[in-house]
Structure formats: structure tokens, C-alpha cells
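Below is one structure; the comments refer to it alone.
For reference, positions follow the sequence shown, starting with 1. Note that ligands are numbered from 1 as they come in the structure, with each ligand's atoms numbered from 1 the same way.
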Amino acid sequence: MQVGQVSTAGASHVGQVRAVNEDAWFAGRRLAVIADGMGGHARGDVASALAIRTLSPLDRRAPLTVDEVLRALERANSVIVDEGASDQVGNAMGTTVTGVARVDYAGAEHWLVFNIGDSRVYRVCADHVEQLTTDHSEVAELVATGEISPEEARTHPHRNIVTRSLGIAPGPPADTWIFPTRSDDHFLLCSDGLVNELSDAEIFDVLRAEPQWADGAEVLVRRAVAAGGRDNVTVLLVRVAPAPVADDTDVSTTPRPVIEAS
Ligand code: MG
């Protein structure tokens, strides 16, 4: 199904503790992506900027394919590895990357959600936000084994340790999820600086209370900074305009395969 116009809104803040904002983001018509950089001597901002610079040209591809996105992620990894190797002082650097892309798949338009690291993509539903991505982080593994609760993960001393990121060789595999586009789709992308300060319920409450949906990104970032701002905070909202009623006739004909869910 061809969906309506995609609108986006983004906001980012350095927070209250860090000296440099190492988050980077891009939002276009068919691609929205967040990268949360890490590295010594503020090299994280270089890594996240390289990731965004490598991925953002995909927004001009039409149709865009899953393969093109995956290849761009591999290119971004190579670029960051090369940049790290050229550093005289040997500062390692890396970045998370997560996003949504409108791709042509099985002859129809789908969303591709991709993730490497602990930035997140949520679907904004009528009564809650649903995390679509799986964090590649030490605390996510501790939550999965039941050693700590999701609430404890938000303040755990190891909450910043990611287990997968761009900037290592060989490059890490991206998690991917594919599903058909719908006329009222609404996604939230964020760096961990948001979810370390606000619970999923608090995030939803902010979005629900905001009369203009696009202001939600700015408001969420402000709330996270006010709640402690221990890390850089970045929020992107992606929303598809409601389609005319007659446009919903072919909803059930679209295949819903999952090509990879690791
Ligand atoms: Mg972060």
C-alpha cells in the first residue's frame, strides 16, 4: 500500500553532564536514523556524524531496497573503522545506529526497522509505546536473564556498555524487522539518553498530552534533560498522514515476512 506523506520532527540536547553532544540524526522522506557516538577524546561525535553522512543519501533513492540499507550500514562501518585507524593517538571510536526506512519489498512498500546498539525505535500506539528494537547492551542481557529489572537497567552502572556498534571489524550484523506501511504509522526513535531518564509510560504520557504531535520530540528531550540529563538526548518522531478511507482496501493483501530477527 502506498502511504501518505511522511512528516518528521527531531530534537537533540547535550544534557547536563556531557561536554559534547555525540548523538547525530537525520530525518527525510523515506529514512529516519539516529546514531549515538562513543569514543575517547570526543571522537564519538565523528563516528556518529560519519554514520549519518553515509546513510542519509539513501533518502534520495526511490525505490529503496533492504539490500541498499544493509550495504550502506556496512559502508558506514568501514568508513568509521578507517577513520579510527587513521587516528594518531589510537583513539577507538564507534557509534550505535538505528532507524526506519520506507523500502520496496516483495513488490509493496514496507517499513524496514534496523538496529545496531542501544538506541531504540518504538511504535507509538493508541495507548502505549511499543519498543520494536532489541538493545545490544550489557544491561539488556541482564534483563533478559532476569538478573535485573528494566527499571534497574535505567540506573545500572553498566547501562552505557553496548555489545554491538559500528566501528569494529568485521562489521556487526544489524537486526532488521520488516512490516507493511500503514496510513497512520507513528514511530519514535531515540538515543539511550531518553530512556535512561524516562520510562516507557512517561514517554507515552508526554506524547499523548502534546496537542501538536510534532512538539513531542522537543518536549521529551526537555523532560529527559530536566530529569537528570546524564547523557546526550535525541528524539525523532516519524508520522504518516492518515490516508483517504478508500485507500485502505488492499491492506490485507500485503505479505508480512520477517527476513531476520536476531
Ligand atoms: Mg547515549
Between D23 and S191, is there a side-chain donor-acceptor contact under 3.5 Å, judged purely by atom types and distance?
yes

Can you tell me if R230 uses its side chain to pair, donor with acceptor, with the backbone of N196 under 3.5 Å?
yes

Pair R18 + D231, salt bridge at N-O below 4.0 Å
yes

Group every Ile, Leu, Val, Met, Phe, Trp and Tyr by side-chain heavy-atom contacts under 4.5 Å, then state whether V129 and V113 land in the same group.
no

If we only look closer than 2.8 Å, how many protein N, O or S atoms does the Mg ion (ligand 1) have near it?
3

Within the 3.5 Å criterion, strictly below it, is a donor on S119 or T96 matched to an acceptor on the partner's side chain?
yes

Using the rule that Ile, Leu, Val, Met, Phe, Trp and Tyr join whenever any side-chain heavy atoms are under 4.5 Å apart, tell me whether I116 and I178 fall into a single cluster.
yes

